[in-house]
Amino acid sequence: MLERLKEQVYQANMELPKRGLVTFTWGNVSGFDRETGYFVIKPSGVEYEKLTPEDMVVMNLEGEKIEGKCKPSSDTATHIELYRAWPKLGGIVHTHSSYATSWAQSGRDIPCYGTTHADYIYGPVPCARGLTREEIEDAYEKNTGRVIVETFRQRGLNPLHIPCILCTKHGSFAWGKDAMEAVHNAVVLEECAKMAGWTELLKEGVEPANKTIMDKHFFRKHGENAYYGQ
């Protein structure tokens, strides 16, 4: 079942160590199939060098395993909440990459300091609030997803314009139209987090990029009037 998607999700997962986004098994990728309403996700705790496409787990949005010999990622419930909330998502990535996680541990949004960030992320990368004790102790992974969605709704943000978020004291999630684009956005997030950190070290009190330059760089790549690329 969903053999092609399993291969795609496997390849996307293998990009994580290749791109320096994971240490050991600290990450996972999923991909969604809109025709069946099922998604494919990495199994929990399997080392990347031992991973195969056949190890990928097929799940539904009720959290039931449809197919697979392994247990799904422990973050499966978070993926489910995001797929349910945002129907246009086709892939989700979770990592504990060093620079993005450093911002998450500080509980800070990542400001947009320049055009590299603005090319892919329209404005600051939001950092969601920390979970309450009750949210942690009861359905932690599900509540992580709910708080991510809450952050976008309360701030009036578009998840297609800001394809990533930081989770306080935890790590990051990124998404896209499919699993590989989600990984691409996770790589972009990590680079932006690194550059923002260095920018603040180099100049105290540096100002974020202004809206005019952000609009120019984001919308020349995205939207109806985009003209970047072939």
Side-chain angles (χ1 to χ4, degrees), residues 2 5 8-9 12-13 27-42 44 56-66 72-97 100-101 103-104 107 109-110 120-132 134-189 192 218 222-223:
L2 299 178
L5 183 58
Q8 291 172 349
V9 171
N13 272 285
N28 48 75
V29 183
S30 71
F32 196 82
D33 179 68
R34 292 288 163 191
E35 290 186 8
T36 61
Y38 299 156
F39 66 98
V40 171
I41 193 165
K42 178 185 177 289
S44 179
M56 300 297 108
V57 185
V58 181
M59 302 289 296
N60 67 20
L61 291 182
E62 283 66 53
E64 299 166 334
K65 183 163 72 171
I66 304 302
S73 167
S74 58
D75 296 299
T76 294
T78 307
H79 290 240
I80 288 173
E81 290 302 308
L82 301 186
Y83 284 131
R84 281 179 167 175
W86 298 324
K88 292 186 178 181
L89 268 57
I92 297 171
V93 179
H94 172 53
T95 80
H96 293 254
S97 58
T101 300
W103 284 87
D109 293 1
I110 303 175
Y120 298 96
I121 304 166
Y122 188 51
V125 176
C127 187
R129 66 170 175 82
L131 274 64
T132 66
E134 291 74 21
E135 288 169 332
I136 294 170
E137 292 179 347
D138 181 22
Y140 169 63
E141 291 83 7
K142 182 175 185 177
N143 287 326
T144 297
R146 286 180 169 179
V147 169
I148 290 171
V149 175
E150 169 194 290
T151 301
F152 274 76
R153 288 177 177 168
Q154 288 185 348
R155 298 196 193 186
L157 303 176
N158 183 342
L160 301 182
H161 287 181
I162 303 176
C164 50
I165 193 168
L166 308 176
C167 296
T168 295
K169 308 302 181 189
H170 186 180
S172 65
F173 284 83
W175 46 82
K177 66 183 179 184
D178 55 32
M180 200 59 76
E181 184 176 89
V183 172
H184 179 273
N185 289 332
V187 173
V188 169
L189 169 62
C192 289
F218 185 81
H222 309 273

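The chain is numbered in sequence order, starting from 1.
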Side chain to side chain, P126 and I162, heavy atoms closer than 4.5 Å: yes

Euclidean distance, I80 CD1 relative to F32 CZ, rounded to 0.5 Å: 9.5 Å

Minimum heavy-atom distance between A174 and A182, given as atom pair plus value: CB-O, 3.8 Å

From D75 atom CG to F173 atom CZ, the distance as rounded to the nearest 0.5 Å: 5.0 Å

Nearest atoms (heavy-atom pairs only) where R155 meets D109: NH1-OD2, 2.7 Å

Side-chain heavy-atom pair S30, V9 within 4.5 angstrom cut-off: no

Output a table of donor-acceptor pairs, distance under 3.5 Å, between side-chain atoms of residues 145-152 and any protein atom two or more places apart or on a different chain; print 'none' if there are none.
unit_1: E150; atom_1: OE1; unit_2: R129; atom_2: NH2; d: 3.2
unit_1: E150; atom_1: OE2; unit_2: R129; atom_2: NE; d: 2.7
unit_1: T151; atom_1: OG1; unit_2: V147; atom_2: O; d: 2.8

Side-chain heavy-atom pair E81, K142 within 4.5 angstrom cut-off: yes

Plane angle bin for H96 and H94 - parallel if under 30°, tilted between 30 and 60°, otherwise perpendicular: perpendicular

Backbone of G90 reached by a side-chain donor or acceptor of R34 within 3.5 Å: no

E135 side chain to L131 backbone, donor-acceptor under 3.5 Å: no

Nearest non-hydrogen partners of A186 and V93, listed with the distance: CB-CG1, 4.1 Å

Atom pair CZ/OG1 of F39 and T76 - distance to nearest 0.5 Å: 5.5 Å

Neighbour count >12 (heavy atoms, 6.0 Å) for atom NZ, K65: yes

Whether D138 side chain and E134 backbone form a donor-acceptor pair below 3.5 Å: no

Flag side-chain contact, heavy atom, 4.5 Å: W175 against H79: no

Aromatic centroids of H184 and Y120 separated by under 6.0 Å: yes

Side-chain donor or acceptor of T101 paired with backbone N/O of G171 under 3.5 Å: no

Evaluation steps, side-chain contact (heavy atoms from CB on, under 4.5 Å), between N13 and M56: CA-CA 10 Å; N13 272 285; M56 300 297 108; 4.1 Å; yes

Over all atoms of both residues, closest heavy-atom pair of C192 and I121: SG-CD1, 4.4 Å

Any side-chain heavy-atom pair of N158 and Y122 under 4.5 Å: no

Reported CD1-to-CD1 distance for the pair I92 and I41, which is rounded to 0.5 angstrom: 8.0 Å

Closest contact, heavy atoms only, S172 versus S97: OG-OG, 4.4 Å

Heavy-atom side-chain contact between L189 and I110 under 4.5 Å: yes

Spatial distance of atom CG (L82) from atom CG (L89) [nearest 0.5 Å]: 7.0 Å

Within-4.5 Å side-chain heavy-atom neighbours: C164 and N185: no

Closest non-hydrogen atom pair between R153 and A85, with its separation: NH2-CB, 4.2 Å

